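What you see is a predicted model, and the numbers here were worked out from it, not measured in a lab. Numbers here are sequence positions counted from 1.
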Amino acid sequence: MNFHLFKWIFFGIILFSSCSNTNENRFTSKVVIVQPIITKSDSGDKPARMEISSSLINKTYSKADLSFHFLEPIYFNNTKARDGKINLDSIVKIAKREKILRGQNDIVNMFFVNAIDGNKGPTGRGMMNGNLIFISLGEGDEYKEDEKKYMEAFVVAHEIGHNLGLKHAIDDPNVIDSIPNIQGEGDFKDRIDPKYSLSDYQIKEIHMSPLVHSRINFLNKKQASIAILDETFEQYFSQLQPREITTFVQEKSPISIDSARNFARKKFSSAVLEFSDKEKKILSFVVNKTNNWLRKNEINLMANHPWRFIKIQNWLCGGFAHTRGTYIILSQSYLDRLTKDWSDKMSKKTEASLVTALGGLLVHEQLHSLQRTFPSKFDQLYSNKWNFINANVNDENQIIINQVSNPDAPIAEWLIPFEEDQNKFYWVRTLLKKNIEIPIMGKHFEDIAFEVEMKGGEFYVSKTNSELKSKPLSEIDSYTKSFPVKRGLDHPNEISAYMFSEYFKSKFNSKKPFEKANGIANKNAEQFMEWIKTQMN
């Protein structure tokens with residue numbers, strides 16, 4: 001794997017703090033996405049220590065107009081990996097097999113362990129021009145608090161530098177080794193001070209890294225053909241069925257499940273297109289307006305999240321906007337509608353209308369990206385505020401063959417409690433209508449609520465004889481009237497996305513959100529707006 005070893009004895013705890021809006025942490029035009037991975041024991045306890053001072057790390061790279069977007073940590077249960085009992089190449093192979101690693105070589109995967117190759121450290125290793133880092137924080141406490149925080153930030157920033165293509169100053173004739181530098185010698189505080197941290201040469205090297213993305217990023221056809229197949233955040237193609245594949249691509253799918261899924265991957269990959277300059281200009285204009293509003297309203301979780309776009313042909317997924325991984329996918333037909341009214345000399349009214357409509361769509365889709373990169377925030381909303389029950393239901397073949405896998409909510413893991421019986425629940429699934437050879441997106445969908453009960457600690461769909469007990473979702477008034485939106489009620493991912501879009505459009509136009517909501521719908525709307533304040537800032 002060619003890990004570039006950097007051994008430095010360091011001690012203490014690294015603070016995990018969000019980037020503050022100071023001069024040192026200004027809104028940069030370039031961003032690196034980092035996925036922290038905390039190793040645990042085989043049984044899922046005793047995690048390695050992980051905390052990150054994102055403000056100091058961002059300050060270190062501010063001269064390069066670059067900041068780091070740290071995703072919610074994920075966990076990797078492997079005692080030997082945590083304790084340095086196996087080498088790094090072995091750890092990476094296991095992590096790949098268990099689908100721990102994120103991205104398509106465009107996201108930094110940062111492992112936190114107790115030891116590296118048996119060395120309890122503190123120590124770190126970063127792969128030169130790669131996307132993997134290992135850090136062990138150690139247990140000592142030699143340094144004073146101020147010195148400790150600078151040292152800790154330096155070690156993380158230094159290892160990220162190797163990922164971005166930076167050599168040690170002593171090994172690079174283009175870098176002066178006699179002054180403080182992120183890859184050189186000197187006091188820790190000086191080495192991460194943007195006055196010294198990076199030379200002009202190093203900044204040029206960093207900007208060539210495939211890990212560095214524009215904050216608004218338009219994938220070209222080659223990049224998009226790979227990115228649209230991303231399954232590193234959740235399974236999608238690996239769970240598709242022939243009938244829904246036929247619907248998504250509007251072409252008869254092979255019957256064999258493996259052949260059908262390979263067919264789907266090829267069709268999705270072939271559907272990507274290049275963005276035109278005009279399309280990039282319109283999207284950039286609206287994203288910047290939207291981001292300004294988000295930052296003004298302290299919705300920084302979304303504002304800091306990179307906006308990454310893929311363009312597709314109209315036949316794929318009915319031309320509907322959707323997401324995969326960290327990407328927003330837009331169709332040619334939708335972009336064509338935008339370009340009709342676009343002008344550099346738009347009136348304020350036309351501009352506001354454009355930002356309201358397109359911005360409303362984009363924040364809806366960006367929320368889907370946040371749902372998979374910061375899942376615990378949404379779990380709190382769904383479980384604690386909206387009373388959904390998280391559960392794994394034993395699926396039924398007659399559901400599976402007609403399922404519609406929503407790319408923005410591919411895991412059917414949320415149940416609606418029965419009002420009359422606390423031991424029963426509804427499980428909502430979107431299904432394709434039967435006896436249609438090539439179903440049409442949306443037109444031939446139906447939302448069905450299956451009755452579910454717990455038996456022996458597991459959840460099963462209830463049956464009368466062999467018939468699954470169900471009813472159209474529209475018939476459950478107590479549920480459908482409990483939210484201030486009427487679309488997307490099949491999954492809380494969609495409910496929250498539609499609600500956030502409405503919230504944005506109302507607030508952007510200085511109106512009160514969810515003004516007509518009453519009863520339980522008003523309560524859920526108020527809880528949602530409170531959640532935005534506490535979890536999206």
Determine whether the aromatic ring centres of [X] and [Y] lie less than 6.0 Å apart.
X	Y	value
Phe459	Phe425	yes
Tyr498	Phe483	no
Tyr460	Trp427	no

Can you find a pair of side-chain heavy atoms, one from [X] and one from [Y], that are under 4.5 Å apart?
X	Y	value
Glu396	Leu468	yes
Trp307	Met302	yes
Pro439	Lys433	no
Val428	Leu489	no

Can a salt bridge be assigned to the pair Glu502 and Arg487 using a cut-off of 4.0 Å between side-chain N and carboxylate O?
no
State whether Arg429 and Asp395 are salt-bridged, where the test is any N-O pair (Lys NZ or Arg NE/NH1/NH2 against Asp/Glu carboxylate O) under 4.0 Å.
yes
How are the rings of Phe309 and Phe218 set to each other: parallel, tilted or perpendicular (split at 30° and 60°)?
parallel
For the [atom1] atom of [X] and the [atom2] atom of [Y], what is their distance to the nearest 0.5 Å?
X	Y	atom1	atom2	value
Ile100	Asn109	CD1	CG	10.0 Å
Ile399	Leu431	CD1	CG	6.5 Å
Ile476	Ser482	CD1	OG	10.0 Å
Thr323	Ile329	OG1	CD1	7.0 Å
Tyr327	Gln104	OH	CD	6.0 Å
His368	Ile328	NE2	CD1	10.0 Å

If you look at every heavy atom in [X] and [Y], which pair is closest and at what distance?
X	Y	result
Ser369	His305	OG-NE2, 2.9 Å
Ser253	Thr246	N-OG1, 3.0 Å
Ser41	Asn77	O-CB, 3.3 Å
Pro254	Pro242	O-CB, 3.6 Å
Glu234	Pro410	CD-CG, 3.5 Å

Is there a side chain to side chain donor-acceptor pair (under 3.5 Å) between Asn493 and Tyr382? Walk through the geometry before answering.
CA-CA 9 Å; Asn493 278 7; Tyr382 304 160; 2.9 Å; yes
State whether the number of non-hydrogen atoms from other residues, nucleotides or ligands found under 6.0 Å of Asp421 atom CG is greater than 12.
yes
Might you confirm whether atom NZ of Lys280 has over 12 heavy atoms from other residues, nucleotides or ligands at distances under 6.0 Å?
yes
Does Ser136 use its side chain to pair, donor to acceptor, with the backbone of Asn114 at less than 3.5 Å?
yes
Step-by-step salt bridge (Lys or Arg N to Asp or Glu O under 4.0 Å) determination, Lys377 to Glu72
CA-CA 9 Å; Lys377 291 181 177 291; Glu72 180 178 307; over 6 Å; no
Should the pair Arg102 and Phe233 be classed as cation-pi, given the thresholds of under 6.0 Å to the six-membered ring centre and 45° from the axis?
yes
